[in-house]
Amino acid sequence: MGRGGARDAGSLRLMRMSALFLRTLRDDPADADTDGHRLLLRAGLIRRVASGVYAWLPLGRRVLSRVEQIVREEMDATGAQELTLPILQPLDLWARSGRDAAYGPLMFRLHDRKEAGFCLSPTAEEVITTLVASEYSSYRDLPVTLYQINWKYRDELRPRFGLLRSREFLMKDAYSFHADAEDLQRTYEELSDAYGRIFTRCGLTWRAVEAQAGEMGGDTSQEFMAVAAVGEDDFVWCPSCDYAANVEAAKRRSPDRHDGTVDAPAMTVIDTPGLPGIAAVSEHLGVPESALLKCIVVAIDGDDGPRLGAALVPGDREVNEFALARALAPHAVRLLDDDDFAARPELPRGYLGPHHPAFDVVLADPTVDADHGWVTGANEADRHVRDAVVSRDFQVDQWVDLVSVAPGDPCPRCGSALAVDRGIEVGHVFQIGTKYSEPLDARYQDDAGDQHPMVMGCYGIGVSRIVAAVVEEHHDDGGLVWPAALAPYGVHLVVLPGRGESGEAVRAAAEQLYDTLQRAGIEVLYDDRDASPGVKFADADLLGLPVRLTLGAKGFARGIVERRRRATGVDDELPLDGVPAALRA
RNA sequence: CGGGCUGUGGCGCAGUUUGGUAGCGCGCUUCGUUCGGGACGAAGAGGUCCCGGGUUCAAGUCCCGGCAGCCCGACCA
């Protein structure tokens, strides 16, 4: 099956450590910033060549090949077809889709000798869509799903965490083409299922989460997150049902508005000199942050010029910018920056309240309609107000869920308390629709002879990132702990010939065992080095192969080999003359 | 893009304050002793001290200018 497949770059089933291109590091590399990154370097799987660019050494290359093979098997099982697209891509293709500008400096750009523009592919929608458009033109051709496993390039603002955010990375990218949205939905679900199988086979603890809808609106999108403390994405999930979402897209059960009269004294202005900010005011007045009203100002691009909007949430909560953008779509929204505030002295930063005459529209989270008045800005420097009451002291034009979902908020589906975790995004599936087929002219003719743009899905998996995610999840103080499916070799054979008469015999027996294992189809890394037992054991722990077999003088005398399982540390003994059978048992 | 830190042998670091011809640990080579959890001794190999310019009799060290890397931040009033 997967192991030793024809495409497996690591088809060599065995290796002597004396010959392996490997130098383990005893000291932690200075630049490694996560446990996983540190161990990948120490164990000699990767080496940094430039910022965010890594060489894959033989052991690392084998692991990468394992992941590739799993991805390939599961993709092929869905009927997807593998191909290879160019990494070097003409820039004019990207201009046609408008993504040349959209990607900006994130894309590596270069020129040929004729000064024609090229880029190093950060993804391949343009190339694949153009390719399919030139080959297929009938509804009879559809659907089709194509994929490749290829190196991708992004000139990240800040590469970090080794393979987790690198500038060169191995990605499986798939693209499906359909006549209609229903057909796309079917493939989308099949591939989502395949993704789950892939991550499970790789040994990851993962969760599929709803992702932020695309800027076009209506796009369906799911992210696959490997649960990890070093992850760069927060996601919300429900312990009681299957709801899970990226924090950007997360919703909570919308709270009820109070919607009644509020028994509060008249609004009064109070002096709060030199106290911009929720925390400072809260401390100064001795009221909880939740009693303050946070007022965020945004510029909204309107049809007749920019307008000003205010977004209101309780002081202890944060505004979800994406929710705000959704509420104001299709108009673009952005928060005011330093320059904006400098240009508008009528907006005293840090002392803004919802009753400012400059606001064209006021949006508020339902929790703002509370049974009490609020402390908020007085719209003049060094002043706040107390007992600001909805409808009486300020008006709200639109009630909409605006707060970023936080742990403990009620699940939108079942009402249970939501939890928040960090994750590494290892996969993403999109129903992208006609975003590329329209500008790139990928059309088909239906049975009535009419032309329609193809409906597309895009599906990505970070292959090299999976390696990083697996290592973050599977390691201990001693080193890596590979899940069997990804381990570069299945067995780590250590020979300890010792001194004296028996040494030669022990070594000969180990050589024979090595040969026997190879014949039995077991992939084995044989530590035949003339090194001390401590060195060999430490390296075996560091490399983290699932099973370590030790053949020493004492065991040899008794006709046994010791087995230790890396993950559990459990030891037992196997008869020297029946090792392959015992390993399979 | 802003702030901070760092560039010295394969890896980890000292030396820079106070300029004087480069050092430690690990790793590597050779020999000997050792041999079940990173052994010991002895002898070695290996360095454009990030790059360029300047000051100086003399620059890893001082000055100027670059480059690279790492960390933090880059909207929450």
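Each chain gets a letter, A, B and so on, in the order the sequences are listed, and its residues count up from 1. Predicted, not measured: the structure shown is a model, and the values here were computed from it.
Rounded to a whole Å, the CD atom of Glu232(A) is 11 Å from the P atom of C71(B). We find that CZ of Arg26(A) is positioned 9 Å from P of G38(B), with the value rounded to whole Å. Taking atom CH2 on Trp374(A) and atom P on A77(B), their separation rounds to 15 Å, with Å as the unit. Atom-to-atom, CG of Leu543(A) to P of G37(B) comes out at 19 Å; the value is rounded to the nearest Å. In this structure, Leu542(A) places its CG atom 14 Å from P of G27(B), rounding to the nearest Å. Between Leu312(A) atom CG and C76(B) atom P the separation is 17 Å, expressed in whole Å. Rounded to an integer number of Å, the gap from Glu248(A) CD to C76(B) C1' is 16 Å. One can place CG of Leu157(A) at 15 Å from C1' of C70(B), the figure rounded to the nearest angstrom.
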When you compare the protein's N or O atoms with those of nucleotides 33-36 of chain B, which come within less than 3.5 Å of each other, and at what distance?
residue, atom, partner, partner atom, Å
C35(B), N4, Arg499(A), NE, 2.9
C35(B), N4, Arg499(A), NH1, 3.3
C35(B), N4, Arg499(A), NH2, 2.7
G36(B), O6, Gly552(A), N, 3.4
G36(B), O6, Glu562(A), OE2, 3.2
G36(B), N1, Glu562(A), OE1, 3.2
G36(B), N1, Glu562(A), OE2, 2.5
G36(B), N2, Glu562(A), OE1, 2.4
G36(B), N2, Glu562(A), OE2, 3.3

For nucleotides 10-14 of chain B, which of its nitrogen or oxygen atoms have a protein nitrogen or oxygen under 3.5 Å away, and what is each distance?
residue, atom, partner, partner atom, Å
G12(B), OP1, Ala30(A), N, 3.1

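Taken residue by residue, residues 47-60 of chain A places heavy atoms nearer than 4.0 Å to RNA chain B at Arg48(A), Ser51(A). The stretch residues 354-370 of chain A has no heavy atom under 4.0 Å from RNA chain B, so no residue of it qualifies as close. Non-hydrogen atoms lying under 4.0 Å from RNA chain B are contributed by Lys294(A), Cys295(A), Ile296(A), Val297(A), all within residues 289-298 of chain A.
Looking only at side-chain heavy atoms (C-beta outward), Thr367(A) and Arg317(A) stay at 4.5 Å or farther from each other. Between Val494(A) and Leu551(A) there is no side-chain heavy-atom pair separated by less than 4.5 Å.
Both distances falling under 3.5 Å, in either a Watson-Crick or a G-U wobble arrangement, place C5(B) opposite G69(B). Of the nucleotides present, A43(B) is the one that pairs with U29(B) by Watson-Crick or G-U wobble criteria, both distances under 3.5 Å. A14(B) is unpaired under the Watson-Crick or G-U wobble criterion, no partner having all donor-acceptor distances under 3.5 Å. Using N1 to N3 plus N6-O4 or O6-N4 for Watson-Crick, or N1-O2 and O6-N3 for G-U wobble, each under 3.5 Å, A74(B) pairs with nothing. Both distances falling under 3.5 Å, in either a Watson-Crick or a G-U wobble arrangement, place G52(B) opposite C64(B).
A salt bridge is absent between Arg563(A) and Asp571(A): the closest approach of a Lys/Arg side-chain nitrogen to an acidic carboxylate oxygen does not fall below 4.0 angstrom.
Outside the 6.0 Å centre-distance limit, the rings of Trp151(A) and Phe169(A) are not counted as a close aromatic pair. A centroid separation of less than 6.0 Å is found between the aromatic rings of Tyr54(A) and His37(A).
Here the separation of G2(B) from U18(B), taken at their P atoms, is 31 Å to the nearest Å. Distance noted for atom P between C40(B) and G25(B): 12 Å (whole Å). Distance noted for atom P between G7(B) and C50(B): 8 Å (whole Å). Between the P atoms of C24(B) and G41(B), the separation comes to 15 Å (whole Å). Comparing the C1' positions of A22(B) and G3(B) gives a spacing of 34 Å, expressed to the nearest Å. Using atom C1' as the reference point in both G9(B) and C49(B), the two lie 10 Å apart (nearest Å). Going from the C1' atom of G12(B) to that of U6(B) covers 14 Å, rounded to whole Å. Comparing C57(B) with G10(B), their P atoms sit 35 Å apart, to the nearest whole Å.
Applying the 3.5 Å distance criterion, the base of G38(B) shares no donor-acceptor pair with the side chain of Arg529(A). Under 3.5 Å, the side chain of Arg564(A) and the base of G37(B) form at least one donor-acceptor pair of N or O atoms.
For the pair Pro58(A) and Leu20(A), the tightest heavy-atom approach, listed with the atom from each and the gap, is CB-CD1, 4.1 Å. Listed here is the closest heavy atom pair of Pro412(A) and Leu418(A): CD-CD1, 4.2 Å. Across all their heavy atoms, Leu41(A) and Arg47(A) have their closest contact at O-NH1, 2.5 Å. Between Val400(A) and Pro366(A), the closest heavy-atom pair is O-CD, 3.6 Å. Among all heavy-atom pairs drawn from Leu91(A) and Cys119(A), the shortest one is CD1-CB, 3.8 Å. Closest approach of Val313(A) to Asp365(A), counting heavy atoms only: CG1-CB, 4.2 Å.
Between the side chains of His331(A) and Asp301(A), no donor-acceptor pair of N or O atoms lies under 3.5 Å. Looking only at atom types and distance, the side chain of Glu425(A) has a donor-acceptor partner in the side chain of His428(A) under 3.5 Å away. Checking Tyr351(A) against Asn379(A) by side-chain atom types alone, no donor-acceptor pair falls below 3.5 Å.
Here Arg42(A) lies in heavy-atom contact (under 4.0 Å) with a base.
Nearest nucleotide to the Val535(A) side chain, out of G38(B), A77(B), A74(B): G38(B).
With a 6.0 Å cutoff to the six-membered ring centre and a 45° limit on the axis angle, Arg566(A) does not count as a cation-pi contact of Trp482(A). Judged by the 6.0 Å and 45° rule, Arg62(A) forms a cation-pi pair with Tyr489(A).
Residues satisfying the side-chain hydrogen bond (donor to acceptor under 3.5 Å, both in side chains) test with Glu232(A), not counting sequence neighbours, are Arg165(A).
Annotation for Glu346(A): atom CD counts as buried by contact number, over 12 foreign heavy atoms lying within 6.0 Å.
When Val579(A), Asp527(A), Leu549(A) are each tested for a side-chain contact (heavy atoms from CB on, under 4.5 Å) with Leu493(A), only one passes: Leu549(A).
In terms of position along RNA chain B, the nucleotide closest to Pro159(A) lies nearer the 5' end than the nucleotide closest to the other residue of the pair Val319(A) and Pro159(A).
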